[in-house]
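Working notes for the structure below.
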2 protein chains.
Amino acid sequence: MSETADLPLPVPDPASASARRVQSRTTSFDVAALAGVSQSAVSRAFTPGSSIAPAKRQRILEAARKLNYVPNSIASSLTTKRTNIVALILGNLANPFYVEVLRTFIDRLQAQGRQILTFTVENGADSDEAILRVLRYQVDGVVLTSAQLSTRMTSMCHDRGIPIVLFNRYIPGSDASGVRCDNAGGGRLMAEAFLAAGARSFAMIKGDPKGTTSQDRARGFTERLLEAGVARSAIREIEGASTYDGAFSAVLAAYRREPDRLPDAIFGINDIMAMGAMDALRQRMGLKIPQDVMIGGFDDIPESRRHPYQLTTVRQPVERMVDEALAILHLDEPALPIEPGIDRQVPGRLVWRGTIPAPALPGA
Amino acid sequence: MSETADLPLPVPDPASASARRVQSRTTSFDVAALAGVSQSAVSRAFTPGSSIAPAKRQRILEAARKLNYVPNSIASSLTTKRTNIVALILGNLANPFYVEVLRTFIDRLQAQGRQILTFTVENGADSDEAILRVLRYQVDGVVLTSAQLSTRMTSMCHDRGIPIVLFNRYIPGSDASGVRCDNAGGGRLMAEAFLAAGARSFAMIKGDPKGTTSQDRARGFTERLLEAGVARSAIREIEGASTYDGAFSAVLAAYRREPDRLPDAIFGINDIMAMGAMDALRQRMGLKIPQDVMIGGFDDIPESRRHPYQLTTVRQPVERMVDEALAILHLDEPALPIEPGIDRQVPGRLVWRGTIPAPALPGA
DNA sequence: GCAACATTTGAATGCGTATTCATAAATGGA
DNA sequence: TCCATTTATGAATACGCATTCAAATGTTGC
């Protein structure tokens with residue numbers, strides 16, 4: 001059994017095997033006939049930079065408009081081997097951060113005249129099926145922001161000349177290139193912020209244990225605390241699904257288990273989890289933030305700025321990361337070889353807001 | 001000038017005009033050669049329901065796997081005239097409601113083996129350019145959840161046999177079909193909730209004045225209040241951009257203008273605006289909800305359920321609406337004619353939470 | 001005014017697959 | 001067992017466009 005045959009394919013109603021065709025599509029030949037030129041000329045009229053007399057191009061475009069002609073990109077892709085389609089494989093759209101990522105990619109790519117084929121994959125699930133679909137559609141590049149990626153799929157893409165870029169994750173042992181925030185560094189920034197505010201005991205709410213992103217942030221955070229002389233026993237880990245609700249209930253459960261071990265500071269591995277934690281702490285446990293507990297997040301999603309949260313967090317420079325990712329794809333220069341193993345890290349920046357008392361000279 | 005020639009197209013670097021081709025792609029002919037069959041057989045092996053001996057199919061799939069062969073959907077689309085691609089034209093991804101809509105469409109379509117081509121359009125802008133791109137890619141159907149749609153574009157799609165469905169909006173004078181929540185009815189539900197809770201003076205925070213959705217909700221709301229004997233002067237309108245921030249500042253501005261005309265109840269035309277209003281009222285104006293002001297929303301986005309908001313709102317049945325929308329597209333039966341002028345309305349449901357004091361028998 | 005060159009043009013071809021059509025093999029019925 | 005059907009198969013072709021190649025036209029320099 002080959003997996004390539006097992007994709008769920010829409011099985012067309014046998015009775016309607018013939019495609020809907022209200023009127024036979026107008027093709028470049030129709031336009032050519034109307035304009036009194038050859039089909040080649042029509043093709044050239046729609047191809048920027050090709051050799052055609054301006055006057056003739058105008059005449060052709062005019063004829064095309066009359067016929068409501070629109071070039072068939074599918075057909076042209078067949079010959080050019082470029083689809084101008086980029087695939088975006090996304091995980092958790094429940095996390096607003098990834099919505100922002102999606103928006104940014106769409107903005108950029110749309111402005112470049114490219115189309116976006118969107119896939120979602122269960123968080124942490126492997127994305128092989130999505131990749132297989134992507135391959136069928138001969139996309140010009142793939143952005144992967146979630147899920148695992150088998151080396152087999154990586155090489156299948158690369159063999160076909162399709163570049164992949166991992167966004168905010170890396171896959172150990174893979175030669176796929178990627179861009180990510182300096183997650184460990186961001187974790188360190190947060191540790192420093194807590195320390196500066198005088199915290200002595202800590203907790204992290206970690207999300208998906210398989211996610212390198214979560215791990216790296218936690219690692220940087222822990223390392224910095226240990227360097228500062230904090231005892232390992234003063235750093236607690238709370239596990240929960242990496243969602244608002246996951247953090248909410250994980251915090252409650254941890255508190256119920258050990259009510260007297262409330263830490264001074266809690267690091268939510270991302271903003272949405274930090275928000276869940278805040279709501280649990282305030283609304284269910286009656287605590288005040290930052291007086292009773294400090295909270296830190298990661299991402300700087302728009303919601304973090306809003307009044308109920310005012311979350312101190314590590315900002316990920318999404319636009320810059322997206323630009324770097326697109327640079328790695330180098331869609332404009334398909335002739336260049338795919339560079340494997342790039343691991344571009346972009347630093348995050350601490351944004352002081354209300355959930356950690358700012359030291360005398362904030363940011364100093 | 002034909003607009004069809006003006007799309008921003010990626011202009012390939014002249015130096016790299018030839019496409020990246022690391023190794024000549026393996027085609028169905030290669031597989032056929034290895035399996036010792038004809039190309040037709042390979043095609044049939046990958047086409048569910050086509051006439052081929054099971055044993056031979058297995059042999060072919062085996063050969064395909066060895067060669068890492070993946071069928072080229074672009075090529076097959078050229079002959080079948082079906083791409084299995086559906087276009088989603090979205091507006092405001094800053095509104096979580098539309099993120100949910102996006103997620104739901106992706107889930108459904110992905111499960112059907114279809115791909116999603118995503119476009120975003122400035123809110124309220126016209127979507128002609130997006131439609132033009134969509135036409136080039138010969139998509140099987142279009143879902144439009146924002147923006148305006150010219151009748152020219154509608155007919156261009158219909159002429160080509162591409163069905164369009166409008167999601168939660170309609171375009172007066174257009175024969176495009178659509179699905180929407182019964183927005184006016186939802187507005188009425190909210191009016192009734194406020195009345196039941198004893199409110200006597202009202203305000204609406206309206207979003208985009210061009211959006212029929214916003215207008216319909218406001219109209220239903222107003223009508224129901226008038227029917228109940230509320231004086232028109234007791235119903236105020238506050239205009240603002242249909243975002244969290246838009247509502248936040250619109251409420252503050254309205255309050256500063258007439259500090260003594262605080263209404264009993266405020267209807268945010270959607271949840272994200274209601275949330276902005278709530279935060280402004282509580283954090284900036286020191287008011288208590290629902291004691292000092294009641295708040296109602298519309299959509300029932302996940303955030304509405306969260307502790308800081310607990311928003312009483314009108315729930316839109318997204319899944320059902322998506323299903324209806326896909327039914328209108330009838331992607332499985334492309335031979336059926338496109339039915340214009342369908343206007344399917346799905347009722348909303350009031351969800352009582354904390355921002356309106358529930359009457360003795362909630363929901364009665 | 002003419003050679004040397006640059007720009008335009010159209011006919012023909014290929015891209016990778018699905019499908020048609022005619023033929024070959026397999027199956028069923030009597 | 002043999003004919004009538006059904007099923008399986010391969011050769012050939014079409015899908016709509018970009019591109020190559022050779023020819024034609026236009027431009028420049030002297």
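The sequence lines fix the lettering, A, B, ..., with proteins before strands; numbering per chain opens at 1. All values below were derived from every heavy atom in this structure, side-chain atoms included, with hydrogens, water molecules and symmetry-related copies excluded.
- Remark: C1' of C:dG16 and CZ of A:Arg160 are 13 Å apart, rounded to the nearest angstrom.
- Between B:Gln39 and B:Ile52, the residue whose closest nucleotide on DNA chain D is further toward the 5' end is B:Ile52.
- Straight-line distance from the OH atom of B:Tyr137 to the C1' atom of D:dG16: 14 Å, rounded to whole Å.
- For A:Thr151, there are no side chain to side chain contact (heavy atoms under 4.5 Å, CB included) partners two or more places apart in sequence or in a different chain.
- Residue pairs meeting the ring pair (Phe, Tyr, Trp, His ring centres under 6.0 Å) criterion with at least one partner in residues 113-138 of chain A, sequence neighbours excluded, are absent.
- We find that CG of B:Leu67 is positioned 15 Å from C1' of C:dG16, with the value rounded to whole Å.
- For B:Glu339, the salt bridge (Lys or Arg N to Asp or Glu O under 4.0 Å) test picks out no residue, with sequence neighbours left out.
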Are there any protein N/O atoms within less than 3.5 Å of an N/O atom in nucleotides 20-26 of chain D, and if so, which ones and at what distance?
none

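- Checked against ring-ring contact (aromatic ring centres under 6.0 Å, His included), A:Phe105 has the following partners two or more places apart in sequence or in another chain: A:Phe167.
- Within the 4.5 Å cutoff, the side chain of A:Thr118 has no heavy atoms near those of the A:Ile89 side chain.
- Residue A:Ser51 is classed as a base contact, given a heavy-atom separation below 4.0 Å to a base.
- Between A:Gln58 atom CD and C:dT8 atom C1' there is a gap of 16 Å when expressed in whole angstrom units.
- For A:Tyr69 and A:Phe29, the distance between ring centers is not under 6.0 angstrom.
- In terms of phosphate contacts, B:Tyr69 brings a side-chain nitrogen or oxygen within less than 4.0 Å of OP1 or OP2 of C:dT17.
- In this structure B:Asn68 satisfies the side chain to side chain contact (heavy atoms under 4.5 Å, CB included) test together with A:Arg152, A:Met156, A:Arg160, sequence neighbours excluded.
- In this structure, of D:dG10, D:dC17, C:dT17, it is C:dT17 that holds the atom nearest to the side chain of B:Ala75.
- DNA chain D is contacted by both B:Lys56 and A:Leu78; B:Lys56 maps to the nucleotide lying nearer its 5′ end (nearest heavy atom per residue).
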Identify each donor-acceptor pair in which a side-chain atom of residues 34-44 of chain A lies under 3.5 Å from a protein atom, sequence neighbours left out, and give them as a table.
residue	atom	partner	partner atom	Å
A:Ser38	OG	A:Ser40	N	3.4
A:Ser38	OG	A:Ala41	N	3.3
A:Gln39	NE2	A:Ser28	OG	3.4

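- Going from atom CZ of A:Arg57 over to atom C1' of C:dT7 covers 14 Å, rounded to whole Å.
- The phosphate of D:dA18 has OP1 or OP2 within less than 4.0 Å of a side-chain N or O from A:Ser43.
- The separation between A:Ile60 atom CD1 and D:dC17 atom P is 13 Å, rounded to whole Å.
- DNA chain C is contacted by both A:Phe29 and B:Asn72; A:Phe29 maps to the nucleotide lying nearer its 5′ end (nearest heavy atom per residue).
- Atom CD1 of B:Ile74 is separated from atom P of D:dC17 by 14 Å (rounded to the nearest Å).
- Residues passing the side chain to side chain contact (heavy atoms under 4.5 Å, CB included) test with B:Asp343 are B:Arg180, B:Gln345, sequence neighbours excluded.
- Of the side-chain N and O atoms in B:Lys81, none sit less than 4.0 angstrom from OP1 or OP2 of D:dC15.
- Contact between the side-chain N/O atoms of B:Ser38 and the OP1/OP2 oxygens of D:dT9 is not found at any separation under 4.0 Å.
- For B:Asp332 and B:Arg114, the salt-bridge test passes: some basic side-chain N is under 4.0 Å from an acidic carboxylate O.
- For B:Thr79, no side-chain nitrogen or oxygen approaches OP1 or OP2 of C:dT17 to under 4.0 Å.
- Atom-to-atom, CZ of B:Arg136 to P of D:dC17 comes out at 11 Å; the value is rounded to the nearest Å.
- Remark on the helix from C:dG1-D:dC30 to C:dA30-D:dT1: inter-end axis angle 10°, axes from five-pair C1' superpositions, rounded to 10°.
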